[in-house]
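Numbered from 1 within each chain, the chains take letters A, B, ... in sequence-line order. The basis for the numbers below is simple: all heavy atoms, side chains too, and nothing from hydrogens, waters or symmetry mates.
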2 protein chains.
Amino acid sequence: MAGQRTRRRIPEATVARLPVYLRILSEQFDIDVTKISSEELADLAGVNAAKVRKDLSYLGSYGTRGVGYEVEFLVYQIRRELGLTHDWPVVIVGSGNMGQALAGYNGFGDRGFTVGGIVDIDDAKVGTVVGGVRVRHVSELTRVVAAQNISIGVIATPGIAAQDAADALVAAGVTSILNFAPTVINVPHGISVGKVDLAVELQILAYHEQRRINAAKGSSLVSVPGESRRGASA
Amino acid sequence: MAGQRTRRRIPEATVARLPVYLRILSEQFDIDVTKISSEELADLAGVNAAKVRKDLSYLGSYGTRGVGYEVEFLVYQIRRELGLTHDWPVVIVGSGNMGQALAGYNGFGDRGFTVGGIVDIDDAKVGTVVGGVRVRHVSELTRVVAAQNISIGVIATPGIAAQDAADALVAAGVTSILNFAPTVINVPHGISVGKVDLAVELQILAYHEQRRINAAKGSSLVSVPGESRRGASA
DNA sequence: GAACGTTTGTGCACGGTTTCACAAGACGTC
DNA sequence: GACGTCTTGTGAAACCGTGCACAAACGTTC
Ligand SMILES: NC(=O)c1ccc[n+]([C@@H]2O[C@H](COP(=O)([O-])OP(=O)(O)OC[C@H]3O[C@@H](n4cnc5c(N)ncnc54)[C@H](O)[C@@H]3O)[C@@H](O)[C@H]2O)c1
Ligand SMILES: NC(=O)c1ccc[n+]([C@@H]2O[C@H](COP(=O)([O-])OP(=O)(O)OC[C@H]3O[C@@H](n4cnc5c(N)ncnc54)[C@H](O)[C@@H]3O)[C@@H](O)[C@H]2O)c1
C-alpha cells in the first residue's frame, strides 16, 4: 500500500491539471475544509467532474465512495506525484525585466521553487542583487548549478540569446528548462522543455476576436456564437 | 479566390501553432528567404512536416507542389487569419511587477499588440507612467476600454483580485482575457480566456524531473528514458 | 442488518489530433 | 512534350483525451 511500485505513466493532460487541483486543495485546506467531492473540486477548477475523478484515479484509489476525498491526504499525494515533497532550486538566465520580476516574485518560492541563482552576460548586471540573490556572470553557470544541485533552468534572455542560454544550461547539467523567450530552442533528447510565450497567447485571443467579428459581419443580427477556452466557465 | 466565404473552423491545436509559424516566417522574410518547404518550416518550428502541411492547408491551398510556400504570402495569410492585419490595443489590470514588465516589454507591441491602457486599484500607482502609458484608476476601466475600443484585457493582479478584475473587464466590454494570476476565473459564455501560469509550468517540469529520479532509482544502470515536451527537438 | 442515498472508479464510445503514405501537380531538362 | 525529381495536399489509420453512464462501495438511518 505504501509506496506503489508500478509507476503508472500519467497522461500529460492530467499532469498539466494536477497543479491546478493542488493549488485549490491547498487553499481549501487552509480554510479548514477536510473533505471534498469530485464535483466540488471540478467546479473550483472549472472542469468536468468525471475528468477530476479520472485524473485522480491515476494517483491511486484515494477517494471514499459516498464521501469524497480527504483534502489533506490528496494534497500530499499530488505533491508526492509531482515531486514537490522537497524544494526545487531554479536558476534564472537573464536578469532583465522578466528575470527580475521572476526573481522577486513571491508566489515563486511559495510552492516549492526557490531562486537558486541568477546569471547574466552583462557585466553591468553582475553583482546587483534581485530578489535577495546576487547576479553572477553566465560563465559561472556550471558552478552555480553544481553547487546547489540545480536541475531546472529558466531562460529570460532576449530571443536571440535563448539558444545560447539553453546550450549553457544543458552543458551545466540542467535537465529541465522553462523558456520565456519567443524562440524554439533545440535541446538534446532527454531534456524537458516548457515554454511561456506571451505573444502566442495574445495571438490566439486575437484569432477568436477576429472570428467573432467575422461571424458578426456575416449575419449582423445573430448573437456571437462564443468560444470558451482553457480555464473559462459558465 | 479573393476573400473566401466559407470560414472553415480551424482546430484549436492548429491555431496555437500558427503564431509560431508566423514568427519563424517573419524572421526568414527578414533575412531574404522567399520560399520555404514544409520540411524546413517544420524543422525550425520543432514539429512534424506533415503537421505543418495540414495546419497550413486550413488556410487554403497556398503552396506550390514541387516548390514549397512563398514566405511573404504565407506571412500575409497567417496574419489575416489570426486577425493581425491591424493592431490590437490591450488593457492591463494591475501595475505591479508583472504589469510593469508587460507594459515596458517591446516584443509586446512588436507584433501587433499595443498597450492601450493600464489600471490599478492602488492610488499610489495611479498617475505613475509605465511603458509610456499613465496608470489610471480601475474605476476608469470602462472609460479606457470604450475610448480605444479595446477587446483584450490582461489580468496582472494578485490571485485574490483576479476574479474582480475579470468581472470588471467583462463589465467594461472586453471579450478576451489573458490571465497571469494563478487562479481559475469564471466568465460569461462567449468570453475567451487564456492563462499563463508560471507555477503550473514549473510543476510540470518538476514532475518530469521526479520521474527521471524514480526511473534511475528503479534500475540504477539504465540510462534515463527522457521525455521531450513542447518546443523541444533532437 | 437491510434499505437508501451518495459518490467513487472505470468501461466505453466519441471527437479531436497526429502521423503515415501516396496520388496529384509543378518545375526543369533533354 | 515526355521523363524525373521534388513537394504539396489529403485520405486513412493510430493515438490521445473527454465525458457519459453505471456498477461497486461507503455511511447513515431505522
Ligand atoms: N518583459 C516582459 O514582460 C516579457 C514578457 C514575455 C516574454 N518576455 C521575454 O522574456 C525575455 C526577456 O525579456 P526582458 O524584458 O527581461 O528583456 P531584457 O532585455 O530586459 O533582459 C534580457 C537580459 O538577458 C541578458 N542576456 C542577454 N544575452 C544573454 C546571454 N547569452 N546569457 C545570459 N544573459 C543574457 C541581458 O544582459 C539582459 O539583462 C525576452 O525573450 C522576452 O521576449 C518578456
Ligand atoms: N512577478 C512575477 O514574476 C509573476 C510571475 C508569474 C505570475 N505572476 C502573477 O502575476 C500577478 C501579479 O504579480 P505581481 O508580481 O505583479 O504582483 P504585485 O503585487 O507586484 O502587483 C499587483 C498589482 O495589482 C494591483 N491590484 C490589486 N488588486 C487590484 C484590483 N482589484 N484591480 C486592479 N489592480 C489591482 C495592486 O495594486 C498591484 O499594483 C500575480 O497574480 C502573480 O501571481 C507574477
Considering only nitrogen or oxygen atoms on both sides, find all protein atoms under 3.5 Å from nucleotides 11-15 of chain D and state each distance.
{"from": "D/dG11", "atom 1": "O6", "to": "B/Lys54", "atom 2": "NZ", "distance (Å)": "3.3"}
{"from": "D/dA12", "atom 1": "N6", "to": "B/Lys54", "atom 2": "NZ", "distance (Å)": "3.1"}

key: Short side-chain N/O contact to D/dT7 OP1/OP2 from B/Ser37, under 4.0 Å   =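 For D/dT7, OP1/OP2 do not have a side-chain N/O of B/Ser37 under 4.0 Å.
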query = Hey, is the side chain of B/Tyr69 poking within less than 4.0 Å of OP1 or OP2 on D/dG9, counting only N and O atoms?
reply =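 Yes, because at least one side-chain N or O of B/Tyr69 sits under 4.0 Å from OP1 or OP2 of D/dG9.
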message = What contact category does A/Ala50 fall into here, base, sugar-phosphate, or nothing, at under 4.0 angstrom with non-hydrogen atoms?
response =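 Result for A/Ala50 = base.
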inquiry  = Classify B/Ser38 by what it touches in the nucleic acid, base, sugar-phosphate, or nothing, heavy-atom distance under 4.0 Å.
reply    =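 Answer is sugar-phosphate: B/Ser38 comes under 4.0 Å of backbone atoms only.
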Check the interface with nucleotides 23-25 of chain D: list each N/O to N/O pair with the protein under 3.5 Å, or write none.
{"from": "D/dA24", "atom 1": "N3", "to": "A/Arg65", "atom 2": "NH1", "distance (Å)": "2.8"}

Could you state the [atom1]-[atom2] distance from [X] to [N], rounded to the nearest angstrom?
X       : N      : atom1 : atom2 : answer
A/Ile10 : D/dC16 : CD1   : P     : 16 Å
A/Arg17 : D/dG17 : CZ    : P     : 9 Å
B/Leu56 : D/dT8  : CG    : P     : 9 Å

query = What residues, two or more places apart in sequence or in another chain, satisfy salt bridge (charged side-chain N to carboxylate O under 4.0 Å, His left out) together with A/Arg17?
reply =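 Salt bridge (charged side-chain N to carboxylate O under 4.0 Å, His left out) list for A/Arg17, sorted by chain: A/Asp55.
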inquiry  = My understanding is that only residues two or more places apart in sequence, or in another chain, count here; which of them pass salt bridge (charged side-chain N to carboxylate O under 4.0 Å, His left out) with A/Glu27?
reply    =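 In terms of salt bridge (charged side-chain N to carboxylate O under 4.0 Å, His left out), with neighbours along the sequence ignored, A/Glu27 is linked to A/Arg23.
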query = What pairs with B/Arg79 under side-chain hydrogen bond (donor to acceptor under 3.5 Å, both in side chains), at least two apart in sequence or on another chain?
reply =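 For B/Arg79, no residue satisfies side-chain hydrogen bond (donor to acceptor under 3.5 Å, both in side chains) once neighbours in sequence are set aside.
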ask   = side-chain hydrogen bond (donor to acceptor under 3.5 Å, both in side chains) with A/Glu40: which residues, sequence neighbours excluded?
value =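 Expected list: A/Ser37.
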request  = Would you name the heavy atoms of A/Gly194 and B/Leu205 that are closest together and state the gap between them?
outcome  =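 Result for this residue pair: N-CD2, 4.1 Å.
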query = Between B/Leu102 and B/Phe180, what is the shortest heavy-atom contact and its length?
reply =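 Answer, listing the atom of B/Leu102 first, then B/Phe180: CD1-CE1, 3.8 Å.
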Contact boundaries on DNA chain C for chain B, cut-off under 4.0 Å to non-hydrogen atoms =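 Result: C/dT17 to C/dC27.
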task = Have a look at the helix from C/dG1-D/dC30 to C/dC30-D/dG1 and give the angle its two end axes make, five pairs each, rounded to 10 degrees.
result =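 Answer for the end axes of this duplex: 0°.
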query = For DNA chain D, whose closest nucleotide is more 5', that of A/Val67 or that of A/Ala13?
reply =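 It is A/Ala13, whose closest nucleotide lies nearer the 5' terminus.
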In residues 159-179 of chain A, what donor-acceptor pairs under 3.5 Å come from side-chain atoms, sequence neighbours left out?
{"from": "A/Gln163", "atom 1": "OE1", "to": "A/Asn186", "atom 2": "N", "distance (Å)": "2.8"}
{"from": "A/Gln163", "atom 1": "NE2", "to": "A/Asp167", "atom 2": "OD1", "distance (Å)": "2.9"}
{"from": "A/Gln163", "atom 1": "NE2", "to": "A/Asn186", "atom 2": "O", "distance (Å)": "2.9"}
{"from": "A/Thr175", "atom 1": "OG1", "to": "B/Glu209", "atom 2": "OE1", "distance (Å)": "2.9"}
{"from": "A/Thr175", "atom 1": "OG1", "to": "B/Glu209", "atom 2": "OE2", "distance (Å)": "2.6"}
{"from": "A/Ser176", "atom 1": "OG", "to": "B/Glu209", "atom 2": "OE2", "distance (Å)": "2.6"}
{"from": "A/Ser176", "atom 1": "OG", "to": "B/Arg212", "atom 2": "NH2", "distance (Å)": "3.2"}
{"from": "A/Asn179", "atom 1": "OD1", "to": "A/Ala181", "atom 2": "N", "distance (Å)": "3.0"}
{"from": "A/Asn179", "atom 1": "ND2", "to": "A/Ala181", "atom 2": "O", "distance (Å)": "3.4"}
{"from": "A/Asn179", "atom 1": "ND2", "to": "A/Thr183", "atom 2": "O", "distance (Å)": "2.9"}

For residues 68-76 of chain A, run the donor-acceptor check on the side chains, cut-off 3.5 Å, and write out each pair with its distance to 0.1 Å, sequence neighbours left out.
none

request  = Quick one: do A/Gln210 and A/Asn214 satisfy side-chain contact (heavy atoms from CB on, under 4.5 Å)? Show the steps, please.
outcome  = CA-CA 6 Å; A/Gln210 176 74 0; A/Asn214 283 344; 3.9 Å; yes
task = Under the side-chain contact (heavy atoms from CB on, under 4.5 Å) rule, collect the residues that match up with B/Ala16, sequence neighbours excluded.
result =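 Checked B/Ala16 against side-chain contact (heavy atoms from CB on, under 4.5 Å); matches are A/Ile204.
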